[in-house]
Amino acid sequence: MRVPSLGSARLLVLLAWMCRRGLSSGTQELRYPPNRIAVIGAGIGGTSAAYFLRQKFGKDVPIDVYERGVVGGRLATVNLEGEDYEAGGSVIHPLNLHMKHFVKELGLSVPKSQGGLMGIYNGDEFVFEESSWYIWNFIKLLWHYGLNPLRMYMWVEEILDKFMSIYRYQAHDYAFSSTEDLLHALGGAEFLQILNETIEESMLKSGFSQKFINEIVTAVMRVNYGQGITINGFVGAVSLAGADSGLWSVEGGNKLVCTGLLYASKAQLISGAVISIEEKTREKGRSGGGAVKLYEVTYNSTSGLQRDAYDIVLIAAPLVRKNANITFLNFSPPISEFSNPYHQTVVTFVHGHINASFFGYKDPSHFQLTDIFTIENPKLFINSMGTVSPVKNRKTVLNPLLSPRVWKIFSPQPLTKEQIKLLFLSYDSNTVKIWQAYPHYSPPDKFPPIILHSRMYYLNGIEWAASAMEMSAVSAKNAALLAYHRWYENMDMIDQEDLHERLKTEL
Ligand SMILES: Cc1cc2nc3c(=O)[nH]c(=O)nc-3n(C[C@H](O)[C@H](O)[C@H](O)COP(=O)(O)OP(=O)(O)OC[C@H]3O[C@@H](n4cnc5c(N)ncnc54)[C@H](O)[C@@H]3O)c2cc1C
Ligand SMILES: *[C@@H]1O[C@H](CO)[C@@H](O)[C@H](O)[C@H]1NC(C)=O
Ligand SMILES: *[C@@H]1O[C@H](CO)[C@@H](O)[C@H](O)[C@H]1NC(C)=O
Ligand SMILES: *[C@@H]1O[C@H](CO)[C@@H](O)[C@H](O)[C@H]1NC(C)=O
Ligand SMILES: *[C@@H]1O[C@H](CO)[C@@H](O)[C@H](O)[C@H]1NC(C)=O
């Protein structure tokens, strides 16, 4: 009886040896599942990446998600007088299909949105004001801007329509190796063109009036991106889509999507700041020849500096010094820095009575607005302000003059006490959040690469096309698919031309 058991033991050793040989010999090496995957950053980009990586690589591959702050990143709430308010990314478009899917999958809920009245202030007076009478608004819009508003919806819809192809391509598992390739597959040369010019140039070319661009378009850019009509045409269109109806947000706070995705992905959360990533060569165990390249991630946690090695790394945080601040060691050629700056936006929440006379109202009792947008004027110290409801227990909008309300104010610089006192007749509390919010757009902007190194990927380059939750989710799915196809050498799933035509015949 000893002989066969010895034999099977020997066979096992032999098999194991053959497996190791297989693992370490040339192209075969990458056919086995990766040992470990790291995701850096637990915002919507990183957590959705973990979710998509799990879908692709299966249940057994360990995935670590590093976060130096709070899960959610730029999706965050602040507390004012016992209630939480959305302080970062707040509204989601009805056609943001990844976000919609996450919310459904995670069993989160979406409260009913409520209307309000918007006015555009130019520093002296309101150049446009909505009233509670819908037909009157329509006539006013026509009177001021002719058919521009209607044409704008069509113009934006056309761009959105093209962008929506991404969902079909991703549902069929196709990936792109650069942001340019991804956008080109969706909108062809036209997309690359509008990325290279300002929203003002794009819209003038399409025949919109300067007055409409200077007032409505500028106001919307300032609310959404804290910048004027010098931002690129693509992010400009995304921003205009953000003025559509049907926008929504998540009950309890948008960041719940991030905690939910992290949980669903069964990834391990590691609290710590990643400081550096170094390429290391590790010899395969005693018996196997050949060497494997690994990425060694060094991070700072409460128990000091620590290291871990990974086969695949996804970076889901802006690679700028003021943000992720990660140093790449020992790479040749070196991984270049993307030093283009992010734009600072300050969010201030104030509970108080608005000072309508500050906005040129002779008779403040007529003031009914819940949202004040602005256009360029050097004497303005705010970009916009609007009343907000807490992320839980939303109440219906009351007349802002009758009771003190919570106002959310966007400004480029922190507000001084004097400035707050000008905006409010009286107030009892305020709270401030300063963001490196989104790229400072100045087209033509260069896109950082998605592939930083053979198995290291960067998600946030897509923000240079447009920064939004859905864009991070699209980029996360693309990076997860790209990492997967490159690992298993499915090159026919990457950068394919004419997907539109091909998928038509596949249906
Ligand atoms: C004020 C404001 C309003 C906005 N409004 C909207 C909106 O209405 N709708 C919309 O769709 N989008 C909006 N956006 C944009 C949207 O919030 C972002 O595009 C999106 O949240 C970015 O997600 P992300 O995961 O890519 O990056 P982030 O959310 O920035 O996540 C990166 C994470 O990585 C962590 N991290 C960074 N460096 C390291 C490191 N070295 N080690 C470990 N962890 C690290 C950070 O702490 C962070 O949690 C808004 C943004 C701001 C600031
Ligand atoms: C966009 O601008 C870049 C840099 O200026 C240039 O290299 C590229 O060819 C331009 N692309 C288009 C489509 O105009
Ligand atoms: C690590 O974190 C500690 C505590 O936050 C800090 O004092 C230290 O400077 C950090 N070290 C590095 C190398 O960043
Ligand atoms: C980036 O990190 C280095 C150390 O890793 C530190 O010396 C430097 O101050 C950091 N820069 C910023 C802007 O935080
Ligand atoms: C309100 O605005 C007016 C006009 O700018 C200003 O004179 C006044 O000081 C502001 N504050 C109060 C409390 O009225």
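All residue numbers refer to positions in the sequence shown, counting from 1.
A side-chain hydrogen bond (donor to acceptor under 3.5 Å, both in side chains) with Tyr342 holds for exactly one of Lys322, Gln436, His440, Glu463; it is Glu463. Screening Thr198, Ile194, Leu240 for a side chain to side chain contact (heavy atoms under 4.5 Å, CB included) with Met203, the sole residue that qualifies is Leu240. Just one of Glu197, Glu190, Glu200 meets the salt bridge (charged side-chain N to carboxylate O under 4.0 Å, His left out) condition when paired with Lys205; it is Glu197.
Neither side chain, Arg168 nor Tyr174, offers a donor N or O lying under 3.5 Å from an acceptor on the other. Looking at Asn478 and Ser475, their side chains never bring a donor and an acceptor atom within 3.5 Å of each other. Side-chain polar atoms of Asn224 and Tyr438 form no donor-acceptor pair below 3.5 angstrom. When only modelled atom types and interatomic distance are considered, Ser206 and Trp155 share a side-chain donor-acceptor pair under 3.5 Å. No side-chain donor from either of Ser90 and Glu86 sits under 3.5 Å from a side-chain acceptor of the other. Side chains of Asn254 and Ser249: a donor-acceptor N/O pair is absent below 3.5 angstrom, by distance only. When only modelled atom types and interatomic distance are considered, Glu376 and Thr218 share no side-chain donor-acceptor pair under 3.5 Å. In this model, a donor atom of one side chain and an acceptor atom of the other lie less than 3.5 Å apart for His453 and Tyr295. Counted by atom type alone, Arg222 and Thr374 present one or more donor-acceptor pairs between their side chains at under 3.5 Å.
Between the Asn96 side chain and the His93 main chain, a donor and an acceptor come within less than 3.5 Å of each other. In terms of modelled atom types and a separation under 3.5 Å, the side chain of His343 and the main chain of Gly226 share a donor-acceptor contact. Trp435 contributes a side-chain N or O that, together with a main-chain N or O of Ala87, makes up a donor-acceptor pair within less than 3.5 Å. Judged purely by atom type and a 3.5 angstrom limit, Asp495 uses its side chain to pair as donor or acceptor with the backbone of Ser177. Put simply, the side chain of Asn232 gets close to the backbone of Val235: a donor and an acceptor are under 3.5 Å apart. Between the side chain of His172 and the main chain of Met493, no donor-acceptor pair closer than 3.5 Å is present. Here the side chain of Lys100 pairs a donor or acceptor atom with the backbone of Pro94 at under 3.5 angstrom. Of the possible polar contacts, none joining the Arg486 side chain to the Leu481 backbone as a donor-acceptor pair under 3.5 Å is found. Judged by distance alone, with hydrogens and angles left aside, the side-chain atoms of Glu215 form no donor-acceptor pair with the main-chain N or O of Ile375 at under 3.5 Å. The backbone N or O of Val474 lies less than 3.5 Å from a partner atom in the side chain of Gln170, making a donor-acceptor pair.
Heavy-atom minimum distance, Tyr225 versus Ser467: OH-O, 2.5 Å. Leu256 and Thr259 make their closest contact through O-OG1, 3.1 Å (heavy atoms, listed as atom of the first residue, atom of the second, distance). Contact detail for Phe349 and Val406: the closest heavy-atom pair is CD2-CG1, 4.2 Å. For the residue pair Ala185 and Phe176, the shortest heavy atom distance occurs at CB-CE2, 3.4 Å. When all heavy atoms of Ser411 and Ile382 are compared, the pair lying nearest together is CB-CA, 4.1 Å. Nearest heavy atom pair, residue Gln306 against residue Ser301, reads NE2-OG, 3.1 Å.
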After noting the C-alpha distance and the side-chain angles of Tyr299 and Tyr66, does the key distance pass the ring-ring contact (aromatic ring centres under 6.0 Å, His included) rule? CA-CA 9 Å; Tyr299 61 100; Tyr66 288 90; 4.8 Å; yes
Begin from the C-alpha positions of Ile63 and Val39 and carry the test side-chain contact (heavy atoms from CB on, under 4.5 Å) through to its verdict. CA-CA 7 Å; Ile63 302 174; Val39 176; 4.2 Å; yes
Start with the C-alpha gap between Ile229 and Asn214, add the side-chain angles, then the distance that decides, and say whether side-chain contact (heavy atoms from CB on, under 4.5 Å) holds. CA-CA 8 Å; Ile229 46 181; Asn214 289 349; 3.8 Å; yes
Go through the steps to decide whether Thr77 and Asp84 satisfy the test side chain to side chain donor-acceptor pair (under 3.5 Å), and finish with yes or no. CA-CA 6 Å; Thr77 54; Asp84 290 328; 4.5 Å; no
Could you go through Phe191 and Leu183, starting from their C-alpha distance and side-chain angles, then the distance that decides it, and tell me whether this counts as side-chain contact (heavy atoms from CB on, under 4.5 Å)? CA-CA 6 Å; Phe191 267 24; Leu183 291 166; 4.3 Å; yes
Pair Leu108, Val257 - check side-chain contact (heavy atoms from CB on, under 4.5 Å), show working. CA-CA 8 Å; Leu108 296 168; Val257 176; 3.9 Å; yes
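The distance from the NZ atom of Lys477 to the CG atom of Leu53 is 11.5 Å, given to the nearest 0.5 Å. Expressed to the nearest 0.5 Å, how far CD1 of Ile277 lies from CG of Asn330 amounts to 13.0 Å. Separating the CH2 atom in Trp407 from the OG1 atom in Thr348 is a distance of 14.0 Å, to the nearest 0.5 Å. Taken to the nearest 0.5 Å, the CZ atom of Arg455 stands 6.0 Å off from the CG atom of Asp311. With rounding to the nearest 0.5 Å, the separation of CG in Leu195 from OH in Tyr441 is 10.0 Å. Between the CG atom in Asp60 and the NZ atom in Lys266 there is a gap of 11.5 Å [rounded to 0.5 Å].
Ser384 has its side chain out of reach of Ile372: every pair of non-hydrogen atoms, C-beta onward, lies at least 4.5 Å apart. Side chains of Ile409 and Val347 form no contact here, defined as non-hydrogen atoms less than 4.5 Å apart. Contact of the Met164 side chain with the Leu97 side chain is registered, since non-hydrogen atoms from C-beta on lie closer than 4.5 Å. The side-chain heavy atoms of Thr281 and Val292, taken from C-beta on, include no pair separated by under 4.5 Å. Glu296 places none of its side-chain heavy atoms less than 4.5 Å from the side chain of Glu279. Using a 4.5 Å heavy-atom cutoff, the side chains of Tyr85 and Leu80 are in contact. The closest side-chain heavy-atom distance from Leu452 to Phe338 is below 4.5 Å. No side-chain heavy atom of Pro443 sits less than 4.5 Å from a side-chain heavy atom of Phe234.
Here Lys392 does not pair with Glu83 in a salt bridge; the nearest charged N to carboxylate O distance is not below 4.0 Å. Looking at Asp64 and Arg36, a side-chain N of the basic residue comes within less than 4.0 Å of a carboxylate O on the acidic one, giving a salt bridge.
Geometric assessment of Lys56 against the ring of Tyr484 yields a positive cation-pi assignment under the 6.0 Å and 45° thresholds. Judged by a 6.0 Å distance limit and a 45° cone about the ring axis, Arg151 is positioned over the six-membered ring of Phe208.
Tyr263 OH: 12 or fewer foreign heavy atoms inside a 6.0 Å radius. Under a cut-off of 6.0 angstrom, the local environment of CZ in Arg282 is sparse, with at most 12 non-hydrogen atoms contributed by other residues, nucleotides or ligands. Glu157 CD: 12 or fewer foreign heavy atoms inside a 6.0 Å radius.
Between His98 and Phe52, the ring center distance clears the sub-6.0 Å criterion.
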